[in-house]
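Computed from a predicted structure; not experimentally measured.
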Number of protein chains: 2
Amino acid sequence: MDVKTLCLGMLSFGEACGYDLKKRFEALFRHFYSAGYGSIYPALAELADAGLVTCHSVPQEGRPERKVYRITEAGRRQFDEALRTTRPQHKLRSEFLAMIYFAELMQPERLDEVLDERLRELRESEAHIAGLQQAFDAAVPVGVRFVAGFGAALARVAAEYIEQNRHMLSSAGAARAPARRRRTGQPVDLMGTSA
Amino acid sequence: MDVKTLCLGMLSFGEACGYDLKKRFEALFRHFYSAGYGSIYPALAELADAGLVTCHSVPQEGRPERKVYRITEAGRRQFDEALRTTRPQHKLRSEFLAMIYFAELMQPERLDEVLDERLRELRESEAHIAGLQQAFDAAVPVGVRFVAGFGAALARVAAEYIEQNRHMLSSAGAARAPARRRRTGQPVDLMGTSA
DNA sequence: TCAGACATGTAATAAGTTACATGATTAG
DNA sequence: CTAATCATGTAACTTATTACATGTCTGA
């Protein structure tokens with residue numbers, strides 16, 4: 001599911017211009033998918049070229065014109081096909097966790113800074129989703145509800161985990177382990193394969 | 001934190017060849033970071049060019065030679081710098097959630113298939129991490145423990161969420177909502193902005 | 001007056017994934 | 001005999017990110 005397919009899917013809920021789509025992605029997909037103008041506009045142009053959407057320009061007073069895109073029947077078929085055949089991946093790329101992995105090489109202040117920043121982002125994400133959920137009415141598709149709840153659940157647990165376990169990263173534990181490794185000079189058996 | 005920096009960090013725990021690094025990434029980073037040979041080998045070559053690691057070839061009988069990489073002092077400084085200054089992002093790209101977002105457009109069987117597949121992957125991830133954790137001994141760095149626990153917590157909650165909420169995606173709810181939209185012909189207000 | 005919303009796009013760049021290419025050994 | 005493990009790499013491809021480019025209106 002690339003940005004192109006996602007735009008197609010979004011348009012199946014109703015017409016929109018590129019700017020609208022960006023806002024919707026921002027509001028609803030923020031916690032699990034990102035898409036900037038640099039990928040949305042080219043995607044819409046390609047969809048139009050392929051006849052999967054139509055585009056009509058709407059001039060406006062005092063603002064730039066809107067290019068409103070609407071999905072075609074061919075577009076709906078194409079999206080349906082994508083839903084049936086695309087393998088839905090779920091990929092996390094966390095430089096945060098990668099960094100924490102090396103916690104013992106970090107300054108305690110830096111470590112706190114990184115953890116606090118992540119907590120702040122998680123809290124913000126929780127609040128954002130809570131705001132969305134409050135605005136949901138009966139007509140909101142079940143999938144939209146489901147993914148919002150999913151995001152809320154993950155953010156809550158991630159924040160709790162950090163709060164409840166960050167103590168193990170601080171001085172107490174961090175001071176001993178590296179000392180031991182420096183004494184022996186042996187690489188750590190990180191996978192338990194040599195034991 | 002790109003693959004290059006991550007290789008540098010891994011090498012700070014002990015020397016290794018590209019093949020080893022791949023295995024370690026696979027074992028320890030699998031749930032939050034992916035790196036294939038196609039990114040690891042070029043990364044190591046660049047690190048060597050920059051003098052951040054040294055490389056010595058070790059011929060072996062009956063197997064291809066190993067190119068063993070060892071981090072240099074300059075390399076340690078560079079990695080330290082990266083830990084101090086890199087902004088640790090945490091990015092999820094979930095085509096799974098994107099697909100579920102459109103659940104009402106999916107065939108019930110396909111929906112089940114997708115949910116079951118994700119559950120299977122989550123269970124596998126949980127089992128994999130549990131295996132790692134059992135092999136941990138006292139010398140395992142605290143950061144390694146922390147990220148393993150983090151992954152376990154997230155996988156558990158994700159699986160629970162799916163199991164406890166998948167019912168809302170099935171026929172009962174899914175049948176009504178789209179009907180309403182088709183009757184009115186109005187785009188759904190997905191962000192609660194027009195309410 | 002100054003930031004932010006509205007609205008579109010292109011081009012350069014970065015980065016990773018996939019496929020290709022090779023080849024011996026070993027366990028089932 | 002067949003698949004997996006060991007071990008290295010390149011090249012093409014796909015994709016998204018970032019910076020650039022432009023300009024008005026509105027609210028604080």
Sugar-phosphate, base or nothing in reach of A:Phe25, heavy atoms under 4.0 Å: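 It contacts nothing in the nucleic acid.
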For [X] and [N], give me the distance from atom [atom1] to atom [atom2], rounded to whole Å.
| X | N | atom1 | atom2 | result |
| --- | --- | --- | --- | --- |
| B:Tyr41 | D:dT8 | OH | P | 4 Å |
| B:Tyr19 | C:dA24 | OH | C1' | 13 Å |
| A:Leu44 | C:dG9 | CG | P | 8 Å |
| B:Leu21 | D:dA7 | CG | C1' | 13 Å |
| A:Glu26 | C:dC6 | CD | P | 12 Å |
| B:Ile40 | D:dA7 | CD1 | C1' | 13 Å |
| A:Glu46 | C:dG9 | CD | P | 13 Å |
| A:Lys22 | D:dA16 | NZ | P | 15 Å |

Donor-acceptor contact below 3.5 Å, side chain A:Tyr161 vs main chain B:Phe150: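 Pair found, side chain donor or acceptor close to backbone of B:Phe150.
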Any donor-acceptor pair under 3.5 Å from B:Thr72 side chain to B:Gly51 backbone: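 Yes, the answer is positive, given that a donor and an acceptor are paired below the 3.5 Å cut-off.
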N-O pairing of B:Arg110 and B:Glu113 below 4.0 Å: yes
SB check B:Arg84 B:Asp80 (cutoff 4.0 Å): yes
Those residues of residues 51-63 of chain B lying under 4.0 Å from DNA chain D by at least one heavy atom: B:Gln60, B:Arg63
Charged tip of A:Arg30 within 45° of A:Phe25 ring normal and under 6.0 Å: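 No, A:Arg30 does not lie over the aromatic ring of A:Phe25.
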Six-ring centre of A:Phe29, A:Arg24 cation under 6.0 angstrom, axis tolerance 45°: no
Nucleotide nearest B:Cys17 (side chain, heavy atoms from C-beta), chosen from D:dT10, C:dT8, D:dT8: D:dT8
Candidate nucleotides C:dG9, D:dT8, D:dG9, ranked by approach to the side chain of A:Lys67 - the nearest: C:dG9
Protein-to-nucleotide contact annotation, 5' to 3' order, nucleotides 12-21 of chain C [B base; S sugar-phosphate only; - none; under 4.0 Å, heavy atom]: ----SBB---
Closest contact, heavy atoms only, A:Arg76 versus A:Ser12: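 Shortest heavy-atom separation between A:Arg76 and A:Ser12 comes out as NH1-O, 3.5 Å.
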Heavy-atom closest contact (A:Glu95 atom, B:Tyr33 atom, distance):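 Closest heavy-atom pair between A:Glu95 and B:Tyr33: CG-CE1, 4.5 Å.
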Shared-cluster residues of A:Tyr41, by chain and number - hydrophobic side chains joined below 4.5 Å: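 Taking Ile, Leu, Val, Met, Phe, Trp and Tyr as members, A:Tyr41 shares its hydrophobic cluster with A:Tyr19, A:Tyr37.
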